Q: 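Take this structure, written in structure tokens, and hold onto it; I'll ask about it next.
Not measured: the values here are computed from a predicted model.
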Amino acid sequence: MNDAPESRGGWRSLFGRLRSSAGDALPMHLPVHLGGAGVTQTKAAPVRVLGFDQALLWVTVALLAWGLVMVYSASIAIGDNPRFARANYQETYFLMRHAFALVVAFVVALLSFQVPMRTWERAAPWLFVASIILLVLVLIPHIGRSVNGARRWIPLGFTNFQPSELAKLAMVMYAASYMVRKMEIKERFFRAVLPMGIAVVVVGMLLLAEPDMGAFMVIAVIAMGILFLGGVNARMFFVITVLVVVAFAMMVASSPWRRERIFAYLDPWSETNALGKGYQLSHSLIAIGRGEVFGVGLGGSVEKLHWLPEAHTDFLLAVIGEEFGLIGVLVAIVLFLWLTRRIMHIGRQAIALDRVFSGLVAQGIGVWIGFQTFINMGVNLGALPTKGLTLPLMSYGGSAIIMNMAALAIVLRIDYENRVLMRGGRV
């Protein structure tokens, strides 16, 4: 009688050990008899994943909401501007179009999140080819729309689409896919780096024909960043950097209006530049100076009243600086800095899980968002020459908002798949 409990405890212990190792030791549904008891292994239950990076999602939502408010504030007086008298803009014209773009972007983001990264990897070359075709189409008269001498948009009836924004995402995908395919020969310049360089040159020539030098700069930096993060030899990366810098210097030297813009940046307050190429920069600095530390209050900007051109697009940060002051600018900088750092962390996590394509895609998106934000803020603050780049997630622009949201949805998908793998599941 004294041995019975001990015996039952022993059987229970053995039974527990068999259950814990059943996945490796026992075939499915094979009955095992222990004394008088029978044990049958059942199918493993699916792993439940605790969602995705919610902090990243909420920071993105905060930037989108703040951007919607600031676009309305910056564009509310455009209807009274004599330059747009023929357009007959209403006070809410840009607000409604921006809100519509956010709705479309939300739908595109949901669809993008549903696509596994393996599918994105297979589709990467075709997405890149599609972006090149669209960049060619936008240059064809009666297809591409010309605004202020630049042909960058394809009219779609209810809105305009900017192919250069798709080209940024396509370059991220293609460069990451390319590095995965060339991983074994990444130390050889002509076999690994040169083909990628040719692809960037082709895209660059099409963008400069629009012209859109700002988008070309972003795409070139995306490609270089992914090559560097993918493990290209440091000496080769240095050579590539020198060649890109020389190419941009030659483009500036060969273009009189680009030279004028550079000189205006160096001295925006001179009599010639203040009313010429330095007009936007000088009024951007005036707006930020008026805001001082705490700003003049939401809606109280004076510079947006027909003084600061493109206040709702390229120079939205200047309006933020005037209405929210130094505090508002610092909050925007911190939010974008955290966003970029978090995206890069998700990319490193994917690479640590041996998911190189996903990791390079996430880090490429981080380079894209971070670099474009840096350029836009630098221009608004007078630290960089004026360049037509919007502030990601915040400035007015349907194509940019849609592509930014799609890119961040892909980052959330990468984070989701990382969590599945870390909890023992399968993607």
Q: I'd like to know whether CZ of Phe113 has more than 12 heavy-atom contacts from other residues, nucleotides or ligands below 6.0 angstrom.
A: yes
Q: More than 12 foreign heavy atoms under 6.0 Å from CH2 of Trp307: is that the case here?
A: no
Q: Has the side chain of Arg151 got a donor or acceptor atom that lies under 3.5 Å from a matching backbone atom of Gly144?
A: yes
Q: Evaluate the side-chain proximity of Leu57 to Asp53: yes if any heavy-atom separation is below 4.5 Å, no if none is.
A: no
Q: Could you check whether Arg355 pairs with Glu417 (Lys NZ or Arg NE/NH1/NH2 to Asp/Glu carboxylate O, under 4.0 Å)?
A: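 Looking at Glu417 together with Arg355, the answer is yes, because their closest N to O distance falls below 4.0 Å.
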Q: Verify the neighbour count for atom CE of Met422: are there more than 12 heavy atoms of other residues, nucleotides or ligands below 6.0 Å?
A: yes
Q: What class does the angle between the rings of Tyr396 and His98 fall in, given that below 30° is parallel, 30 to 60° is tilted and above 60° is perpendicular?
A: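 Because their plane-to-plane angle lies in the 30° to 60° range, the rings of Tyr396 and His98 count as tilted.
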Q: Please determine whether the number of non-hydrogen atoms from other residues, nucleotides or ligands lying under 6.0 Å from atom CZ of Phe228 exceeds 12.
A: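 Atom CZ in Phe228 is not packed in, count stays at 12 or less.
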Q: List the atom of Lys168, the atom of Ile222, and the distance in Å for their closest heavy-atom pair.
A: O-CD1, 4.0 Å
Q: Quick one: pull up CG in Leu337 and CG in Leu330 and give me the separation to the nearest 0.5 Å.
A: 11.5 Å
Q: Starting at OG of Ser399, measure out to CG of Leu156 and round the result to the nearest 0.5 Å.
A: 8.0 Å
Q: Applying the side chain to side chain donor-acceptor pair (under 3.5 Å) test to Lys304, which of Glu322, His312, Glu323 qualifies?
A: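 The side chain to side chain donor-acceptor pair (under 3.5 Å) with Lys304 is passed solely by Glu323 among Glu322, His312, Glu323.
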